[in-house]
Amino acid sequence: MAKVVRAAGSRHRQAVIAQTPTTQSSTAAVRSPEDILWGWAVGTTLLLLILRLVAIRLSPLQLYADEAQYWLWSRQLDFGYFTKPPLIAWVIRLTTLGGDAEALVRLSSPILHAAAGLFLFRAARRLYDARTALFALLVYALMPAVQLGSFVVSTDTPLVACLAAALWAYVALQTAEGRGKLLAAAALGLALGLGFLAKYAAVYSVLGVALHLALSRSGRRAWTPAAAAIAIAVFAVVIAPNVIWNMTHGMVAVGHLAREAAWGERRGGLLRAADFLGGQFGVFGPLPFAVLLGGGIWLAARRKLEARDGLLLAWVTPPLVIVLVQAFIAGAKANWAAAAFAPGAILVAAWMLRWARPRWLIAGLALQAVVAFAGLVGVTSPGIVDRIGLGSALKGVRGGREVTEMIIGRARLESFAGPMSAIAIDNRELFGTAAYYGRDYFGKDGPPLKAWLPGPVPRYQGELATPLTAANGQRVLAVSKDGVYVGAMRAQFRTAGPTDIGDVWLGGKHTTKVNMFVGEGFRPPAAR
């Protein structure tokens, strides 16, 4: 029988309960509300992770061109590639140790998004509270861009995961003391460095740190010289291999970024800027981006910010504003502002809970949950997408296997007339998908796959690493996607046979065509 001893004090009361050994061992610890909400966060994340892994496993959809290209990079690990830093290739190599199936190529995506959501929760809980953190995690996890990014493997996914970890470390650094501050600084440098190795857009978060330091006195006070030195040193060490790779490869990645920005082509304007902003409603979700945009403008007009809101706005502003300017100058893609996902999700949750009734936030999340569920149904049962007339949306993840089989069939047929020295393709997308779906044929049972260059400067990794040359161009099956360069290709062979055209259905009214001919005696144009 428990014996209770009570001691009364002026301000508080303490109870000591003496129990027998048998009852003492069975007493359960009381969980705090924050622990309960953390449990909900972990449980929700695991549920979404399982659903997305199942969808990836069951989906019959093929790899799209960029996924196939990243897989090809993963076969030859390096510290850099023509258009991107190396982390995406390293991750794919890790997930495909047990095989090269589409599901294994994509395996990291839902896992990394799950990790990003949990880092985001921890950052939001430090800044606000566990309730805000849980809603922030849900805003993030149900973003249309995150739903899509959990199914395909892209550089945005490891980027966002690394930047969410960096945000958590930066928030922790604001209140850490002693050794904890040094550890937070090291974690920040590591996360930002890995983000840089995922995608160069990580520089937006570096700018976010700089902006916060410039505008916040408390932000500057959080740093010590030792913490700053550790963060910078770790960041520099992590990115050094890729920087060296670029320097030893003619800064090809920098040149690619300049071409992609296309500032000299004047393709932008107000309509392109408006198109980018409109795209963010589809990326974040209609309600979340409306709250983020409207709240940011309203607070900027009032010039009154809470310190925690200011920290997050400093991280959100660079990607959205810089890419908006890019859109005005020369156009931009909606996903180029992916660095704003994690801090933006926290701001949306915090502002909705502060300014509106929670049921509005719940209603917005419910709408996005319905869209997310429809997406899972679509990727696992694409026939439904075709029946409702939206099959064109899947054209990028269809046809790669069939086109590759067509190319291999033609190569095998032509091999009866003589050995083939190479199969040359003139298109980056087709080159990547052919390399993936023909991985058991090219360079093994059949001739190697080569990239034909339409000009003197390589445009992608295949043209840089495996170009068609006179040395491997004795007898070639030349393949031109949609016949774009078929005339130019034929002109570079001493003799060229008749051209055959094949096509494959991609969904809706879309097909892809390939022009194929056998060329002998490849003669590349003289360098200018």
Side-chain angles (χ1 to χ4, degrees), residues 113 116-117 120-121 123-124 127-128 131-150 156 160 163-164 167 204 208 211 270-306 308-328 331-375:
H113 274 302
L120 181 152
F121 179 97
L127 284 172
Y128 299 95
R131 179 167 172 260
T132 302
L134 180 60
F135 276 111
L137 182 146
L138 293 173
V139 169
Y140 174 81
L142 296 175
M143 279 184 186
V146 172
Q147 174 65 16
L148 176 62
S150 295
D156 284 334
V160 173
L163 296 187
L167 179 61
Y204 294 137
L211 183 61
L270 287 175
L271 288 179
R272 297 299 295 270
D275 183 63
F276 167 74
L277 276 182
Q280 299 313 297
F281 287 93
V283 168
F284 279 86
L287 180 63
F289 189 67
V291 172
L292 182 63
L293 183 62
I297 293 172
W298 184 64
L299 287 177
R302 289 185 64 197
R303 297 183 180 180
K304 187 176 181 180
L305 275 176
E306 292 188 15
R308 53 193 179 177
D309 292 355
L311 184 153
L312 294 171
L313 274 175
W315 280 58
V316 166
T317 301
L320 288 177
V321 172
I322 292 173
V323 180
L324 179 62
V325 172
Q326 162 66 32
F328 177 77
K333 297 178 182 177
N335 69 301
W336 287 5
F341 287 0
I346 299 175
L347 277 176
V348 167
W351 290 346
M352 285 291 288
L353 292 174
R354 186 186 308 165
W355 297 333
R357 295 181 180 180
R359 65 187 180 189
W360 288 104
L361 179 55
I362 294 172
L365 291 174
L367 174 63
Q368 295 197 182
V370 171
V371 174
F373 178 76

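Everything quoted here is computed from the prediction, not taken from an experiment.
- The structure places CG of Leu271 at 10.5 Å from CZ of Phe328, a figure rounded to the nearest 0.5 Å.
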Tell me which donor-acceptor pairs under 3.5 Å the side chains of residues 309-318 have, and how far apart each pair is, sequence neighbours excluded?
| unit_1 | atom_1 | unit_2 | atom_2 | d |
| --- | --- | --- | --- | --- |
| Asp309 | OD1 | Tyr128 | OH | 2.5 |
| Asp309 | OD1 | Arg354 | NH2 | 3.1 |
| Asp309 | OD2 | Trp351 | NE1 | 3.3 |
| Asp309 | OD2 | Arg354 | NH1 | 2.7 |
| Asp309 | OD2 | Arg354 | NH2 | 3.3 |
| Thr317 | OG1 | Leu313 | O | 2.6 |

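- Taking CE of Met352 as the start and CG of Leu347 as the end, the distance is 13.0 Å to the nearest 0.5 Å.
- Summarising the geometry of Gly295 relative to Trp355, their closest heavy-atom pair is CA-CZ3, 3.8 Å, with the distance given to 0.1 Å.
- Residues Ile346 and Tyr140 are not in side-chain contact: their nearest non-hydrogen atoms beyond the backbone lie 4.5 Å or more apart.
- Shown here for Arg272 and Ala332, the closest heavy-atom pair between the two residues is NH2-N, 4.2 Å.
- When all heavy atoms are compared, the tightest approach of Val139 to Gln368 is O-NE2, 4.3 Å.
- Rounding to the nearest 0.5 Å places CG of Leu299 at 5.0 Å from CG of Leu305.
- Annotation: the span from Gln280 atom CD to Phe341 atom CZ amounts to 7.0 Å, rounded to 0.5 Å.
- Taking CG of Leu353 as the reference point, atom OG1 of Thr132 lies at 5.0 Å (rounded to 0.5 Å).
- Nearest heavy-atom pair across Pro144 and Gly282 is CB-O, 3.0 Å.
- Summarising the geometry, atom NE2 belonging to His113 is positioned 12.0 Å from atom CG belonging to Leu120; distances are rounded to the nearest 0.5 Å.
- Contact record, Ala273 with Leu324: O-CD1, 3.6 Å, taken as the closest heavy-atom pair.
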For residues 284-293, run the donor-acceptor check on the side chains, cut-off 3.5 Å, and write out each pair with its distance to 0.1 Å, sequence neighbours left out.
none

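- Minimum interatomic distance between Leu134 and Phe121 (heavy atoms only, all atoms of both residues): N-CE1, 3.5 Å.
- Using a 4.5 Å heavy-atom threshold, the side chains of Tyr204 and Val323 count as touching.
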Quiz item: Can you list the steps and then say if Leu365 with Phe135 is a side-chain contact (heavy atoms from CB on, under 4.5 Å)?
Solution: CA-CA 9 Å; Leu365 291 174; Phe135 276 111; 3.8 Å; yes

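- Summarising the local packing, CH2 of Trp360 is surrounded by 12 or fewer heavy atoms from other residues, nucleotides or ligands at distances under 6.0 Å.
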